[in-house]
Amino acid sequence: LLACETKSSKQSSASADGDKSNNNVDESVLSADVDGDESSDTQVHTLFASPFGVVPHHSVPLTRDQLCLVGCTVPDLVYSTTKPNSTDVADNRLSLKKLRDFQGMHADHDAKLREALMMFSYYTTIGNMDEAYRAVKTVKDVSVWQNLAKLCVTTRRLDVAEVCLANMQDGVAARALRESKSETEAETRIGILAAALGMNDHAEKTFRKMKRDDLLTEFLIASGKWEAAERHAEMNDRIRVRPVHYRHAQHMEASGNYDMAIKYYEKANCLSTEVTRMMFQAGQMEQLRHLAMTSDDAELLMWWAQYLESQGDLNGALECYEKAKDTYNVVRMLTCQNPPQLEKAIEIVSNPANAEQVGAAYFIGKSFEAEEDISKAIHFFNIAGAFKHAIHIAKLNDLYGEVVALALKSDDRQVLMETGVFFEERSMFDKAVQMFQKAGDLQRAIDVCIRGGLYDELHRISESLDSAA
């Protein structure tokens, strides 16, 4: 292992062409992986002497307090350092800094481990992975394998990382690395591995560099950086804005912070579903009532109205339905009052602004049916489009004219056929023919004409068949 210090300057770059022939080491040799500030004038390089020549290993810049490289003694680099902003020579001292491949390792007093790591670093640098694995296969310390795995992130050696993870017996990180094989960019896989190994700064930097906003959002959430995740989603990952708020709300709910959970559930547009569930399960019905009555969320009001209705509080439910502008349920509640407020219900249904809610007229029809006011009941069933029920009432009360009118107004073939059978059974053949013909069953209509002696009608049907042909 060799260590050297290099310094760049405008003068050296200007005379690079003249001096290049005098260099003992090719400039390409010094193109190793660089940590820290690559723009620093002074760099410390480590290199391996191999049968293939000098191979670059690693490079780090000198920091402000480091004056120069003094030497190398595995597992440390020796620097001459001084106090910040000091010019006094008396403040100079020697300091040790671990080589990159030994950071986090406890190899100072273990010669065998130190030798194994040194050989592992050498063989990985020259690309001989078989020998690199043999060098460390006898190591049993999990912490050593963990640090080697982190080293693989720094050196971008995913193949070596798989071996390290296997020896670490870290199933979570191994699974993350295996599933990351679907990613096309190797750098993205490195970021995923870094996140699994707890190298948060490295992972975040990698995801930002690769512009993987989806992975960065998930990473920030997993790191508990909720505000940062929300800001990032708002600016760069809009498709995940609501999911981030929803998961933040779930986190707050699990923590028992219901106020913040409500805030984020509302941002996630889940106020009427998740907030009601959460408050109901927590037994905080009074707080839920206050929230519903002070909110402009129609769905939340609807939920609270339905809850009050289930508890028998019809007046309270009516108030909530009115606030939510739910005409259909307002009319239903008015007809459920004792006595029913039919005049107000009829006024609402008759309002042209509520034309889309004509189905509510069904409840008014049911109220008149209960009062045995058949004509009004049929009228409102007709408005509601409940033709089958209206026909049923008309049949029970022998209102055959109403039966015919309602059946013809209905487009339901089954209703027309049933009405035709009803008239046929009562020998009202002319009306039966009319129903069958409207239903499109001409053969049945012809049979009824013959049975009832309706030859003029039979002639008209035959003429219509001839013209159609």
Side-chain angles (χ1 to χ4, degrees), residues 146 149-150 165 168-180 182-183 188-189 191-208 212-308 310-311 320 324:
Q146 185 175 15
K150 292 181 179 180
L165 294 175
M168 285 169 57
Q169 297 182 355
D170 188 340
V172 175
R175 178 181 178 181
L177 182 59
R178 184 177 68 253
E179 293 179 348
S180 71
S182 60
E183 298 289 342
T188 302
R189 296 187 63 200
I192 294 172
L193 177 59
L197 292 172
M199 302 173 67
N200 293 347
D201 291 341
H202 194 289
E204 183 173 348
K205 180 180 178 181
T206 301
F207 292 146
R208 290 188 186 279
R212 288 301 301 268
D213 296 318
D214 55 337
L215 295 177
L216 182 55
T217 299
E218 291 296 324
F219 171 75
L220 292 172
I221 291 173
S223 302
K225 299 178 180 179
W226 292 104
E227 293 183 359
E230 288 166 357
R231 286 196 303 270
H232 175 72
E234 289 282 353
M235 295 176 61
N236 304 304
D237 196 16
R238 296 288 302 173
I239 196 172
R240 288 177 177 79
V241 171
R242 286 186 178 178
V244 170
H245 289 317
Y246 182 79
R247 291 167 68 177
H248 195 179
Q250 286 182 314
H251 174 72
M252 289 299 175
E253 180 184 351
S255 303
N257 191 341
Y258 294 128
D259 291 338
M260 293 302 293
I262 291 171
K263 173 184 175 182
Y264 289 110
Y265 275 135
E266 186 173 8
K267 286 185 176 182
N269 199 27
C270 296
L271 196 62
S272 63
T273 53
E274 296 300 324
V275 171
T276 51
R277 174 198 54 76
M278 176 182 70
M279 303 297 278
F280 185 82
Q281 290 177 344
Q284 299 187 9
M285 301 309 294
E286 182 59 29
Q287 294 88 332
L288 182 54
R289 182 198 66 81
H290 177 74
L291 177 64
M293 298 308 292
T294 56
S295 173
D296 294 328
D297 190 294
E299 291 185 0
L300 179 59
L301 279 167
M302 288 284 292
W303 189 96
W304 183 249
Q306 291 168 355
Y307 172 76
L308 292 177
S310 71
Q311 300 299 308
C320 290

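The residues of the chain are indexed from 1 along the displayed sequence. Quick note: numbers below take in every heavy atom, side chains included, and nothing from hydrogens, waters or symmetry partners. These numbers come from a predicted model, not from an experiment.
Contact annotation: the side chain of V241 never approaches that of I239 to less than 4.5 Å [non-hydrogen atoms, C-beta and beyond]. Residues T276 and L288 have side chains in contact (heavy-atom distance under 4.5 Å, counting atoms from C-beta outward). By the 4.5 Å heavy-atom criterion applied to side chains, Q287 and M279 are counted as neighbours. Residues L216 and N236 form no side-chain contact, since every pair of their non-hydrogen atoms from C-beta on lies 4.5 Å or further apart. Between L291 and L300, some side-chain heavy-atom pair lies under the 4.5 Å cut-off. Within the 4.5 Å cutoff, the side chain of S295 has heavy atoms near those of the L271 side chain. Taking 4.5 Å as the limit, every side-chain heavy atom of H245 sits out of range of all side-chain heavy atoms of Y265. Taking the side chain as every heavy atom from C-beta outward, H248 and M252 approach each other to under 4.5 Å.
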- request: Begin with the C-alpha distance, continue with both residues' side-chain angles, and end with the deciding distance and a verdict on side chain to side chain contact (heavy atoms under 4.5 Å, CB included) for N269 and E274.
  value: CA-CA 9 Å; N269 199 27; E274 296 300 324; over 6 Å; no
field: Candidate pair R247 and E218, rule side chain to side chain contact (heavy atoms under 4.5 Å, CB included), full reasoning
entry: CA-CA 11 Å; R247 291 167 68 177; E218 291 296 324; 2.9 Å; yes
- request: Tell me, with the steps shown, if M260 and H251 meet side chain to side chain contact (heavy atoms under 4.5 Å, CB included).
  value: CA-CA 10 Å; M260 293 302 293; H251 174 72; over 6 Å; no
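In this structure, the separation between CD on E179 and CD1 on I192 is 9.0 Å, given to the nearest 0.5 Å. To the nearest 0.5 Å, atom CZ of residue R289 and atom SG of residue C320 are 9.5 Å apart. Distance check, rounded to the nearest 0.5 Å: CG of L197 to CG of L177 gives 9.0 Å. Within the model, atoms CG of L215 and CD of E183 stand 5.5 Å from one another, a figure rounded to the nearest 0.5 Å.
A donor atom on one side chain and an acceptor atom on the other are found under 3.5 Å apart for T217 and D237.
Aromatic rings from Y246 and Y264 are positioned such that their centres are separated by 6.0 Å or more.
Using a cut-off of 4.0 Å between Lys/Arg side-chain N and Asp/Glu carboxylate O, R231 and E234 are scored as not salt-bridged.
Residues passing the side chain to side chain donor-acceptor pair (under 3.5 Å) test with Q306: none are found, sequence neighbours excluded.
Every pair tested for salt bridge (charged side-chain N to carboxylate O under 4.0 Å, His left out) that includes a residue from residues 297-307 fails, sequence neighbours excluded, so the list is empty. Residue pairs satisfying the salt bridge (charged side-chain N to carboxylate O under 4.0 Å, His left out) criterion with at least one member in residues 248-267, sequence neighbours excluded, are listed as follows: E253-R277.
Using bins of under 30°, 30° to 60° and over 60° for the plane-to-plane angle, the ring pair Y307/W303 lands in the parallel bin.
No more than 12 heavy atoms of other residues, nucleotides or ligands sit less than 6.0 Å from atom CD of E227.
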